Every structure is written in C-alpha cells, then in structure tokens.
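Note that this is a predicted model, so its numbers are computed, not measured.
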Amino acid sequence: MAKKYYVVWEGKQTGIFTSWNVCKKQIEGHAGAKYKSFADKKLAEKALKGVYEDYKGKTTKKKELTPAEIAAFGKPLLNSIAVDAACSGNPGVMEYRGVATATSSPLFHQGPYKSGTNNVGEFLALVHGLAWLQQKKQPKMPLYSDSKIAISWVKQRKCKTKLPQNENTKILFDLIKRAEEWLKTNTYKNPILKWETKAWGEIPADFGRK
C-alpha cells in the first residue's frame, strides 16, 4: 500500500502524520478540524505552510511528477496572460489579478471583496482577462488559469457558485451577473488553457500565499 501523509491544520495537535490512526486521534472530537491526506511528503510539507482552503476539494493523491512526466507537458506559451485568485477562507476575503505570463508584469487587479470564494475569484479573473484581451485587440492570445472549475464555468457561461446571496455578497453577485452577461453577449477566440502547476510551478499570477 502506498504511503500517505496526513496534514492536520486544525486539531488537537497540528502537523504531518504518516498513520491514519494517529491522525484520527488529532481530529476526533475536535470541532472544526481541518485535515487532508497527501501522496507525497514534499506536497504535505508545502500544504502545512499554507491553509486548508487552498487544498479543499482538490486532488492530492498523485505524487510529484517525474522528469519524463514534466517533459511530456512541454513548455507554457509565454506570449499569453495568466490569471489567479486568492481567498483567505471559504468564504473569505477574495481578490484576483491578471499578469503577463512571460514577465509577471501586472495587467489588472480587483478586490479585495468580502465573503468570496477562490472559485468565484478564478471565474471573474478569467472573464476579466477575456474582456481585457478584447479591449487590447488581442483576439488570439491564450489565457492561462490553474482552475479546472473556473474554466468549465466560463465555457458554460455560468458561475455555478453555492455562495448565498445576501448583503455581504451583493457586490460579488453584481460582478458575477456582469461577467455572465459579458459571456452571453460577446464571442472570443482566445484559447483558455490549463496551467499545469505540477510541471511548471505556480502560475505567474499566483499571490504567493500557499
């Protein structure tokens, strides 16, 4: 059986544990316990330095790529833009930005907004990026995101967030409505590409908070 590394961010004792039984003792009976298993020790060590929300809902079962696997992904297209979002919780204070992939030079930055989620931020960042490219008359320039969920939402022209609509989220839902309307009333040819973090490292637009 493959060895697993259990990260406990919130529990009776925090840290990395290599036994599920030991990990279980740290989280049982602890209200609000936050934990996740990783297949790779380096990934677990990196995760422990970050926050649980950065990994919630994401697969952590695959080990770091071998040199051959990395080579198979090729190189990212540098003549492109990259977008990313950061969120302090789920929900929490959220912001997003877009940068030039080759130089990490900032192109746009929005937020912070209260009561947001990372997925909503990634979605808004992508639509903002598409509108920005249209404005700059760059109809073929690729756009990178490391969020499969946000990419799928953009392709469906619908932000499928489960955030509740209330006074705290009013501004965000206004932005979501505008973004969805833009997708319905505009056409674009810019390729939306998945940034392969395991092969290329963090996306250039990353906020560096993991």
Side-chain angles (χ1 to χ4, degrees), residues 1-9 15-18 20 23 34-87 90 95-109 117-119 121-130 132-133 138 140-155 188-210:
M1 183 180 293
K3 190 172 185 178
K4 289 185 178 180
Y5 299 84
Y6 301 92
V7 175
V8 177
W9 287 274
I16 299 173
F17 305 90
T18 55
W20 167 243
C23 174
K34 295 180 179 180
Y35 62 97
K36 197 169 184 68
S37 67
F38 291 80
D40 185 273
K41 184 178 180 181
K42 288 184 179 179
L43 291 177
E45 290 172 343
K46 179 181 177 183
L48 184 61
K49 294 176 182 178
V51 294
Y52 168 72
E53 285 72 20
D54 287 335
Y55 299 90
K56 183 180 179 181
K58 295 183 179 179
T59 179
T60 55
K61 296 179 180 180
K62 184 172 174 58
K63 293 185 177 181
E64 289 191 336
L65 302 180
T66 65
E69 288 174 323
I70 292 174
F73 279 103
K75 300 287 186 182
L77 301 171
L78 296 181
N79 188 27
S80 62
I81 73 171
V83 301
D84 199 19
C87 193
N90 190 39
E95 58 189 311
Y96 70 80
R97 67 179 176 181
V99 304
T101 303
T103 62
S104 296
S105 301
L107 303 175
F108 55 82
H109 182 191
T117 67
N118 200 65
N119 285 335
E122 301 269 14
F123 170 79
L124 293 174
L126 274 172
V127 180
H128 193 143
L130 289 170
W132 187 91
L133 288 169
Q138 296 288 344
K140 296 182 180 180
M141 183 174 285
L143 182 63
Y144 277 107
S145 169
D146 62 7
S147 171
K148 289 182 178 179
I149 291 175
I151 292 172
S152 70
W153 286 358
V154 169
K155 290 182 177 179
Y188 62 89
K189 295 182 179 179
N190 306 86
I192 299 177
L193 306 176
K194 174 70 170 61
W195 182 268
E196 302 296 344
T197 305
K198 289 185 177 181
W200 304 332
E202 295 295 346
I203 193 167
D206 182 67
F207 283 82
R209 296 174 189 168
K210 296 185 179 68

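In this view, Thr101 and Ser80 satisfy the side chain to side chain donor-acceptor pair (under 3.5 Å) rule, not counting sequence neighbours. With sequence neighbours excluded, no residue satisfies ring pair (Phe, Tyr, Trp, His ring centres under 6.0 Å) with Phe123. When the ring pair (Phe, Tyr, Trp, His ring centres under 6.0 Å) test is applied to Trp195, the partners found at least two apart in sequence or on another chain are Tyr144, Trp200. Contacts of Leu107 classified as side chain to side chain contact (heavy atoms under 4.5 Å, CB included), with partners at least two apart in sequence or in another chain: Ile81, Trp132. Residues passing the side chain to side chain contact (heavy atoms under 4.5 Å, CB included) test with Ala199, sequence neighbours excluded: Leu65, Ile70, Phe73, Glu196. Not counting sequence neighbours, Tyr5 has no partner by the ring pair (Phe, Tyr, Trp, His ring centres under 6.0 Å) test.
Partner of Pro142 under the side-chain contact (heavy atoms from CB on, under 4.5 Å) criterion, chosen from Leu77, Ile192, Asn79: Leu77.
Between Phe207 and Arg97, some side-chain heavy-atom pair lies under the 4.5 Å cut-off. In this structure, the side chains of Phe108 and Val83 come closer than 4.5 Å at one or more pairs of heavy atoms. At least one side-chain heavy atom of Thr197 sits less than 4.5 Å from a side-chain heavy atom of Glu202. Between Ile16 and Glu45, the closest side-chain pair of non-hydrogen atoms falls below 4.5 Å. Annotation: side chain of Asp84 is in contact with side chain of Glu122 (closest heavy-atom distance under 4.5 Å).
You'll find the ring centres of Phe38 and Tyr55 inside the 6.0 Å limit.
Side chain of Asn190 to backbone of Gln138: a donor-acceptor contact under 3.5 angstrom is found.
The shortest non-hydrogen separation linking Asn119 to Ser147 is OD1-OG, 4.2 Å. Of all heavy-atom pairs between Ser145 and Leu126, the closest is CB-CD2, 3.8 Å. Closest heavy-atom contact between Gly121 and Ala85: C-CB, 3.5 Å. Looking at every heavy atom in both residues, Trp9 comes nearest to Ala47 through NE1-O, 2.9 Å.
Leu193 CG to Asp146 CG: the interatomic distance, rounded to the nearest 0.5 Å, is 13.0 Å. Between the NZ atom in Lys36 and the CG atom in Asp54 there is a gap of 12.0 Å [rounded to 0.5 Å]. Note that the NZ atom of Lys194 and the NZ atom of Lys148 stand 6.0 Å from one another [nearest 0.5 Å].
Shown here is Tyr188, whose OH atom has more than 12 heavy atoms of other residues, nucleotides or ligands within 6.0 Å.
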